[in-house]
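Notes to accompany the following structure.
The figures that follow rest on heavy atoms only: side chains count, while hydrogens, waters and symmetry mates do not. Proteins get letters first, then strands, A, B, ... in listed order; numbering begins at 1 in each.
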Amino acid sequence: MSLQDELYKETILDHYHCPRNHGVISGATLKQEGTNPLCGDELTLYIKLNNDTIEDIKIEAKGCSISMASSSMMTEAIIGQKIKNAQIIAHNFKDMMLNKGNDYVFNETNEDLNSLNGVKKYPVRIKCALLAWNTLLQSLEKDEAKAQGE
Amino acid sequence: MSLQDELYKETILDHYHCPRNHGVISGATLKQEGTNPLCGDELTLYIKLNNDTIEDIKIEAKGCSISMASSSMMTEAIIGQKIKNAQIIAHNFKDMMLNKGNDYVFNETNEDLNSLNGVKKYPVRIKCALLAWNTLLQSLEKDEAKAQGE
Amino acid sequence: MLDVKKIKRDFPILNHYIDGKPLVYLDNAATTQKPKVVIDAISNFYENYNANIHRGIHTLSQKATIAYEETRLNVQKFINAKSYQEIIFTRNTTESINLVAYSWARHNLKAGDEILLSQMEHHANLIPWYELAKEKQITLKYIPLTNDFRLDLSNIDNLLTPQTKLVSLTLMSNVLGTINDLTSIIQKAHALGALVLIDAAQAIAHMPIDVQKLNCDFLAFSFHKILGPTGVGVLWGRQKLLTDMPPFLTGGNMIASVYTDRATFNELPYKFEAGTPDIANVIASNEALNYLNAIGYADIMAHEKCLTAYALDILVKQENIILYGPNNTINRGSVISFNLNQIHPHDLGQVINDSGIAVRAGHHCCQPLMRQFNITGTIRASLYIYNDEADIDILAKTLQSAYKVMGHVVTR
Amino acid sequence: MLDVKKIKRDFPILNHYIDGKPLVYLDNAATTQKPKVVIDAISNFYENYNANIHRGIHTLSQKATIAYEETRLNVQKFINAKSYQEIIFTRNTTESINLVAYSWARHNLKAGDEILLSQMEHHANLIPWYELAKEKQITLKYIPLTNDFRLDLSNIDNLLTPQTKLVSLTLMSNVLGTINDLTSIIQKAHALGALVLIDAAQAIAHMPIDVQKLNCDFLAFSFHKILGPTGVGVLWGRQKLLTDMPPFLTGGNMIASVYTDRATFNELPYKFEAGTPDIANVIASNEALNYLNAIGYADIMAHEKCLTAYALDILVKQENIILYGPNNTINRGSVISFNLNQIHPHDLGQVINDSGIAVRAGHHCCQPLMRQFNITGTIRASLYIYNDEADIDILAKTLQSAYKVMGHVVTR
Ligand SMILES: Cc1ncc(COP(=O)(O)O)c(C=O)c1O
Ligand SMILES: Cc1ncc(COP(=O)(O)O)c(C=O)c1O
């Protein structure tokens, strides 16, 4: 299997060309910007919370296929989830990407995410795949910190 | 010929053990301190001028054999000389020490200086051999600058 | 002209296969490959005369010291400096520029002073000045670019003012390939009493440099971009300036006498070289100079001109390509930046890499320039003495497959 | 115990002859020799995957990046740091200490604050503080020495004051061999809110280092003193401190986003690594760690203890010898300084060198300590894993000839 076949699987290209939940939420509960320090790609994440549920999520971004696809898959995976669950999914995803020898496999509901497993072989591009997820975690952490501060 | 034979020739050892013109001139016309940045050895040079003649010169120093011997030989070479001449001798000596392939040979009057030629092979120690000479040149330069300023 | 086949044989890595394919190395603006003589000089040092330098009396230390200083003398000749005392070894261009920022600028500039840069500068020649500007309320000004990617000097007489204390410019852009003729700027800057720092990190690989002819005040470059090892940079500065500057990094070797509360400093250039330097790599850098000198810049320049012309000619014909840089070879080096419409440079870079070609994809440490073009990055193919037309042909062929791999419908 | 014969075979230089004599290398405190695995790692990098790191997508760059970061992870384990983000690569110990002086101290200390040093510090841990003290009217204080060449802590409760903001000490003297037990000083310093920097340039070669157990705040060392190449130093710092510190050197790689007038900085540790690092040497440094780990510090320490005891025993019997350093092997490493009465260390060094023995002669970058002893320098024999009793015997034999060569009458 050539590198290209592996990396640019149909699933990834599909999300790249037709990113889900792309755009802006006006009146979002949370808004967070993220930057990939390696290439300068930037995205803005919007979340609408209903109590502890992520009722809506949208991402505005311009980026490479990996970063766009990962963002898109992320929105699908966490929309409608409780915050706690979203954090667990995010940590599972980061584990999959960052830990050598970790063969975490997402179940059917989130199986698209498994297509990003191939990015592990390209350490420089792991940052692309993680950008949206790190931005999400940062955003939720800030929200928690704020809630505790109140 | 072993390195020791070459470097620690009798002439050098003689000047090292019995340094000529060692000491202080009270009421010296010029006084200059010198430091070897590589080892921290310090010396103080005293000169008594009579118009443009170096009437007396003394050096107070604690140093290695090369530095002590070179200082001692220097005082012998320039005592009683016109400043101009002393500078020429100093430059000849520096040339001998610093220029590869320069086989400058001092004549009979200053033949002791030729014994230091062997130091050239030990670049780190050239600084030891030059300390007194550089201090002399600095001192005379300062004197000239002062004279011109007046 | 260069005998590229023969040159290739001098570079072990070019005779190896990467992932089963021969390496096509077009990332020379990031770092060049190293000839065997350079690699061997490092092993030779460690296997035969490894020792710390400058203060050791023993034979190894003397040999190491002589070899280390030999490189300095050769650098002096290479850039035609007046004295070896003007050659300071640093880690890289970045440290060289920081040295000037910390030691010269921090002590000579004050609020209201101005520094003139350009819109094509590398981060190494930007961030040190941003930090200084913040600290000291200094104003930074930029020479803009013309439509053909050159310095726009039409407004230079307004950009340079009596407040300008430093003009810091790259001699060759690491993105656009543009070579800047700095003659008139340097004259004007000096007439106003400003100093001029030249970032020669790119230029040094592609053209002979004569600091006395350039008439600049500081010049910085890195050896890893001219066939030498990583870890060795050079700062050249006028002796008078260096003499008056306070030291930057302090510690062993840069001192003359140390008391319990103060120290006097060593003579130039040692005043600026604190601690144990990268001895092996400085020594091996000499072989890089010898290798370049043996080829000669006349032939290097002729080779690069032909190859760049060939590459521009082929690339400009690619579908949906956007080129960033002068479209001819006048005052232009062999660094070629481009994008394919609609494809992110990271993706294109990956596709190119998968054909065994090493190019760089990204902002090339020139984010302000990218913002100017309203892009996040480009693909950059940068050519050197061991590249030939076949390398360009492979690159072009790969580009033609990119839209298919990325699942785009190609639109004309 | 160590199999010294076997170890010697791993070091190419020890199997060569210098001026016709086998090399007896006793200058390990200045820099150690390098095993073949380290030398080969450098060639292997240049011959197989030389590329610039961190931003390249192509295969070579990825390989180089992985290998570079692998060294960082190994350093993290080696000194038991909590995170790889606390490991910053510099050129040497000197730069590491300067980084703390410029970035942390310059921004956190003010007039009237105090820094506590000791009388056995290397210039690298003195001059940066002299410069800072001058600039900011900071007071420097010194822990004195006892008669047996150890830190005299009898007055420590007066030396440490609420104004003390930093305690910066060597863990092992590069002149005396003394190993300092810093446990109680660190506790007391922290109780007063002061930070502690440890200069581990010497110690790291001779004892295992655990930054969490030491409970210091910064720690600095150089790879060239632990079998690694020149050009690589390490600064370890607590993550919280490093996070709050402004960058030091600025330029490429240490940034996140760059605008035309400002920049945001990269995450740790990259915030402190500006420009192209010494890639090859950082990668090769990993092999030095692997080599040391394979031997193990337990055996290294046992070997050095025996050898130091042997050397002290023989040296103390030499006529007219003056030893500077503890006369037993308790809390003492294998660095031995001495003079022969009436002979300048330069001359003695030369005589010793002429027997094919490399020792260091001079002030060892510790002029204040020399002034203390009222001497300009010493001869320093420093032993490491490839030295054995035969080396000491040759040294002793040479000493016996010194007075004859120098034309002295030996006086008892
Ligand atoms: C105790 C100590 N500190 C600092 C240094 C400086 O190390 P480097 O020259 O590698 O910066 C040395 C080595 O000479 C040393 O022995
Ligand atoms: C124009 C220019 N300036 C500065 C640099 C920085 O060089 P280094 O990373 O060796 O410090 C580079 C190389 O990336 C460059 O191309």
**Study point:** Candidate pair Glu47(C) and Lys36(D), rule salt bridge (charged side-chain N to carboxylate O under 4.0 Å, His left out), full reasoning
**Key:** CA-CA 8 Å; Glu47(C) 297 192 357; Lys36(D) 194 162 181 326; 5.4 Å; no
Check your understanding: Do Thr276(D) and Asn92(C) pass the side-chain hydrogen bond (donor to acceptor under 3.5 Å, both in side chains) test, and can you show the C-alpha distance, the side-chain angles, and the key distance before you say yes or no?
Key -> CA-CA 7 Å; Thr276(D) 305; Asn92(C) 49 27; 5.5 Å; no
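In this structure, chain C has a heavy atom under 4.5 Å from the side chain of Arg371(D), while its backbone stays farther away. Using a 4.5 Å cut-off between heavy atoms, Val232(C) makes no contact with chain D at all. Of the atoms belonging to Tyr25(C), it is side-chain heavy atoms, and not backbone ones, that fall under 4.5 Å from chain D. With a 4.5 Å cut-off on non-hydrogen atoms, Leu132(D) does not touch chain C at all. Neither the backbone nor the side chain of Leu26(C) comes within contact range of chain D, judged by heavy atoms closer than 4.5 Å. Looking at Ile279(C), the atoms closer than 4.5 Å to chain D (heavy atoms on both sides) sit in the backbone and in the side chain alike. Heavy-atom distances place both the backbone and the side chain of Ser257(C) under 4.5 Å from chain D. Neither the backbone nor the side chain of His364(D) comes within less than 4.5 Å of any heavy atom of chain C. For Asp261(D), the part lying under 4.5 angstrom from a heavy atom of chain C is the backbone only. For Ile42(D), the part sitting under 4.5 Å from any heavy atom of chain C is the side chain, from C-beta outward, and nothing else. With a threshold of 4.5 angstrom between heavy atoms, Phe223(C) does not approach chain D through any atom at all. Only the side chain of Tyr142(D) comes within less than 4.5 Å of a heavy atom in chain C; its backbone stays farther off.
For chain D, the option among Val359(C), Ile357(C), Thr93(C) with the highest count of heavy-atom pairs below 4.5 Å is Val359(C). In terms of non-hydrogen atom pairs under 4.5 Å with chain D, the most contact-rich of Asn98(C), Asn125(C), Asn15(C) is Asn98(C). The candidate with the highest count of non-hydrogen atom pairs below 4.5 Å against chain D, out of Leu126(C), Leu14(C), Asp40(C), Ile255(C), is Ile255(C). Ranked by non-hydrogen atom pairs under 4.5 Å with chain D, the options Ile39(C), Ile97(C), Thr31(C), Asn50(C) are led by Asn50(C). The most heavy-atom pairs under 4.5 Å with chain D, out of Ser222(C), Gly362(C), Pro229(C), come from Pro229(C). When the candidates Leu140(D), Asn281(D), Val38(D) are compared by the number of heavy-atom contacts under 4.5 Å with chain C, Asn281(D) comes out ahead. Heavy-atom pairs under 4.5 Å with chain D peak, among Leu117(C), Thr250(C), Thr94(C), at Thr250(C). Of the listed residues Pro128(D), Cys366(D), Ala201(D), Ala124(D), the one with more heavy-atom pairs under 4.5 angstrom with chain C than any other is Pro128(D). Top candidate by heavy-atom pairs under 4.5 Å with chain C, chosen from Leu99(D), Leu249(D), Thr32(D), is Leu249(D). The candidate with the highest count of non-hydrogen atom pairs below 4.5 Å against chain C, out of Gln367(D), His224(D), Met370(D), is Gln367(D).
Asp27(C) and His58(D) share a donor-acceptor pair across their side chains, judged by distance under 3.5 Å alone. For the residue pair His54(C) / Thr65(C), no side-chain donor-acceptor distance below 3.5 Å is found, with atom types taken as modelled. When only modelled atom types and interatomic distance are considered, Glu121(D) and Ser118(D) share a side-chain donor-acceptor pair under 3.5 Å. Residues His16(D) and Asn48(C) bring a donor and an acceptor atom of their side chains to less than 3.5 Å of each other.
No close placement of the Phe11(C) and Tyr46(D) rings is indicated, their centers lying 6.0 Å or farther apart. The aromatic ring centres of Tyr270(C) and Phe265(C) sit 6.0 Å or more apart. Aromatic ring centroids of Phe89(D) and Tyr68(D) lie under 6.0 Å apart.
Between Ile226(C) and Ala288(C), the shortest heavy-atom distance links the atoms O-CB, 3.5 Å. Nearest heavy atoms, Pro246(C) versus Phe272(C): O-CE2, 3.3 Å. Nearest heavy-atom pair across Arg91(C) and Asp278(D) is CD-N, 4.4 Å.
Note on ring orientation: taking the six-membered ring where Trp is involved, the planes of His123(D) and His363(D) are tilted (angle from 30° to 60°).
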